[in-house]
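One-based numbering, in listed order, for ligands and for the atoms of each.
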Amino acid sequence: MTRVCVIGPQGRMGRAVLALARERQNLQVVSAVVRPGSPAVGAEVTPGVVATDDVDAALAQADVYIDFTTPQATADVALAAMARSVPAVVGTTGLNDRAHAALEALSKRAPVLWAPNFSPGVNVLLDLAERAARALGPELDIEVVEIHHRQKRDAPSGTALALAEALTRGRADAGAGQGTALAPVFGRAGIKDTGAPRAPGELGIAAVRGGDVVGEHTAYFLGDHERIELTHRAATRSVFAAGALRAATWLAGRPAGRYRMRDVLGL
Ligand code: NAD
């Protein structure tokens with residue numbers, strides 16, 4: 001039985017994690033951390049678990065923590081987790097340097113898995129996109145488009161950036177000496193008077209925001225007479241929550257270090 005501490009239990013992802021955890025036999029949520037001074041302190045967030053803003057006390061009860069919050073909270077909690085070497089499953093995106101450094105520091109003492117997307121399907125998409133970029137070479141132009149709900153704070157999404165990295169790796173390895181570097185272009189506007197309207201090494205990334213879209217990502221491979229589209233659509237947050245819970249049971253008890261979702265999935 002893996003004992004889990006949930007950070008941000010009242011957020012969209014926090015609620016999805018708690019809901020799914022109630023159905024699991026192999027893990028138990030034992031504590032939940034809300035913002036310091038939050039009016040939710042003392043409220044029951046799932047049967048038998050009362051929210052606290054005492055991070056250290058909450059982490060002390062757990063084998064692993066799951067964090068879908070903000071870059072600042074992610075950094076603060078990772079630094080707090082260092083004292084007890086608590087394993088971390090982190091899904092917060094748009095991380096700043098401080099948050100990255102805090103996770104890196106924690107990974108010297110405990111296993112740390114940060115993933116911009118916990119959906120197994122998206123992780124397979126990353127793998128497929130890298131292989132397609134490698135196989136197709138520079139003949140085809142590559143672009144990424146993502147769509148998310150109107151509340152999302154960061155753009156482009158962490159998953160779109162991970163997809164761009166996978167495509168860039170694939171293109172760099174393209175065979176027969178054809179490998180070329182790709183450089184991201186975020187959104188496009190204006191008129192290009194000089195040079196090629198679209199430089200060969202561009203990897204355009206566009207973010208669409210609106211409604212309640214949970215998350216959609218497409219990698220486009222655009223040729224003169226053909227087009228390939230690799231798309232993943234998440235219909236509910238429970239796909240991310242399921243991946244995070246799977247990662248939590250997999251991670252608890254592993255040696256210190258950085259892990260990726262593809263390690264959990266055996267990709
Ligand atoms: P949200 O705004 O609904 O929830 C964030 C929660 O964090 C809020 O309840 C807030 O009160 C809480 N919080 C803020 N500071 C805190 C602190 N110091 N201590 C404890 N709790 C704190 O956002 P969301 O839609 O749940 O998304 C959260 C993050 O997860 C975002 O970065 C989002 O991009 C990311 N996300 C990742 C995945 C993935 O698979 N990796 C999937 C969905 C969302």
J.: Out of Arg12, Arg35, Met261, who is nearest to atom 23 (O) of ligand 1 when you count heavy atoms only?
T.: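 Answer by nearest heavy atom: Arg12.
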
J.: If we only consider heavy atoms of Asp76, is any one of them less than 4.0 Å away from an atom in ligand 1?
T.: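 Heavy atoms of Asp76 never come under 4.0 Å of ligand 1.
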
J.: Establish, from distance only, whether the side-chain atoms of Asp67 and Thr69 form a donor-acceptor pair under 3.5 Å.
T.: yes

J.: If the cut-off is 4.0 Å to any non-hydrogen atom of Val33, which atoms of ligand 1 fall inside it?
T.: 20 (C), 21 (N)

J.: Check whether the side chains of Ser157 and Thr159 place a donor and an acceptor atom closer than 3.5 Å, and report yes or no.
T.: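 No, because no side-chain N or O of Ser157 sits under 3.5 Å from a partner of the opposite role on Thr159.
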
J.: With a 4.0 Å cut-off on N to O distance, would you call Arg171 and Glu130 a salt bridge?
T.: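 Result for this pair is no, no salt bridge flagged.
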
J.: Residue-level breakdown please: for Ala115 versus ligand 1, do any non-hydrogen atoms fall below 4.0 Å on the side chain, on the backbone, on both, or on neither?
T.: backbone

J.: Does Asp212, at its CG atom, have more than 12 non-hydrogen atoms belonging to other residues, nucleotides or ligands within less than 6.0 Å?
T.: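 12 or below, so no.
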
J.: Taking heavy atoms and a distance under 4.0 Å, where does Pro116 meet ligand 1: side chain, backbone, both or neither?
T.: backbone

J.: At under 4.0 Å between heavy atoms, is it the side chain or the backbone of Val34 that contacts ligand 1, or both, or neither?
T.: backbone

J.: Tell me whether Asp76 is salt-bridged to Arg98, with the criterion being a basic N under 4.0 Å from an acidic carboxylate O.
T.: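 Yes, charged N to carboxylate O under 4.0 Å.
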
J.: Minimum distance, heavy atoms only, to atom 27 (O) of ligand 1: which one of Met13, Arg15, Gln10 is it?
T.: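 Nearest heavy atom to atom 27 (O) of ligand 1 lies in Met13.
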
J.: Quick check: does Gly14 get an N/O under 3.5 Å from an N/O on ligand 1?
T.: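 Min N/O separation from ligand 1 is not below 3.5 Å for Gly14.
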
J.: For atom 38 (C) of ligand 1, what is the nearest protein heavy atom, given as residue, atom name and distance?
T.: Phe68 CE2, 3.6 Å

J.: Do Arg262 and Asp127 meet the salt-bridge criterion of a basic N to acidic O distance under 4.0 Å?
T.: yes

J.: Identify the protein heavy atom lying closest to atom 40 (O) of ligand 1, giving its residue, its atom name and the separation to 0.1 Å.
T.: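 Looking only at protein heavy atoms, the one closest to atom 40 (O) of ligand 1 is Phe118 N, 2.8 Å.
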
J.: Look at atom 36 (N) of ligand 1 and say which protein heavy atom is nearest, naming residue and atom and giving the distance to 0.1 Å.
T.: Gly91 O, 3.7 Å

J.: Has Ser38 got a side-chain atom pairing as donor or acceptor with Val34's backbone, closer than 3.5 angstrom?
T.: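 No; zero donor-acceptor contacts below 3.5 Å.
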
J.: Would you say the side chains of His232 and Ser119 form a donor-acceptor pair under 3.5 Å?
T.: yes

J.: Give the atoms of ligand 1, by number and element, whose distance to some non-hydrogen atom of Thr93 is under 4.0 Å.
T.: 32 (O), 33 (C), 34 (O)

J.: Please state which protein non-hydrogen atom is closest to atom 28 (C) of ligand 1 and give its distance, to 0.1 Å?
T.: Thr69 O, 3.4 Å

J.: Do Pro116 and Leu161 have side chains that approach each other closer than 4.5 Å (heavy atoms only, starting at C-beta)?
T.: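 No; the side chains remain at least 4.5 Å from each other.
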
J.: Output yes when a side-chain donor or acceptor of Asp63 lies under 3.5 Å from a complementary backbone atom of Arg3, and no otherwise.
T.: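 Yes: the side chain of Asp63 pairs with the backbone of Arg3.
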
J.: Which of the numbered atoms in ligand 1 are below 4.0 angstrom from a heavy atom of Gly8?
T.: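 In order of number, 20 (C), 21 (N).
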
J.: Under 3.5 Å, N or O to N or O, is Arg237 touching ligand 1 that way?
T.: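 No, there is no polar N/O contact under 3.5 Å.
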
J.: Looking only at protein heavy atoms, identify the closest one to atom 8 (C) of ligand 1 and say how far it is in Å.
T.: Gly11 CA, 4.0 Å

J.: Side chain, backbone, both or neither: which applies to Phe240 and ligand 1 if a contact is any heavy-atom pair less than 4.0 Å apart?
T.: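 Under 4.0 Å from ligand 1, Phe240 contributes side-chain atoms alone.
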
J.: Does at least one non-hydrogen atom of Lys152 fall below 4.0 angstrom from an atom of ligand 1?
T.: yes

J.: Using the benzene-type ring in the case of Trp, are the ring centres of Trp250 and Tyr259 under 6.0 Å apart?
T.: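 Judged by ring-centre distance (under 6.0 Å), Trp250 and Tyr259 do meet the cut-off.
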
J.: May I ask which of Ala162, Ala75, Ala73 has a heavy atom nearer to atom 18 (N) of ligand 1 than the others do?
T.: Ala73

J.: Should Arg227 and Glu143 count as an ion pair when the cut-off is N to O under 4.0 Å?
T.: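 Not counted as a salt bridge, because no side-chain N and carboxylate O are separated by less than 4.0 Å.
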
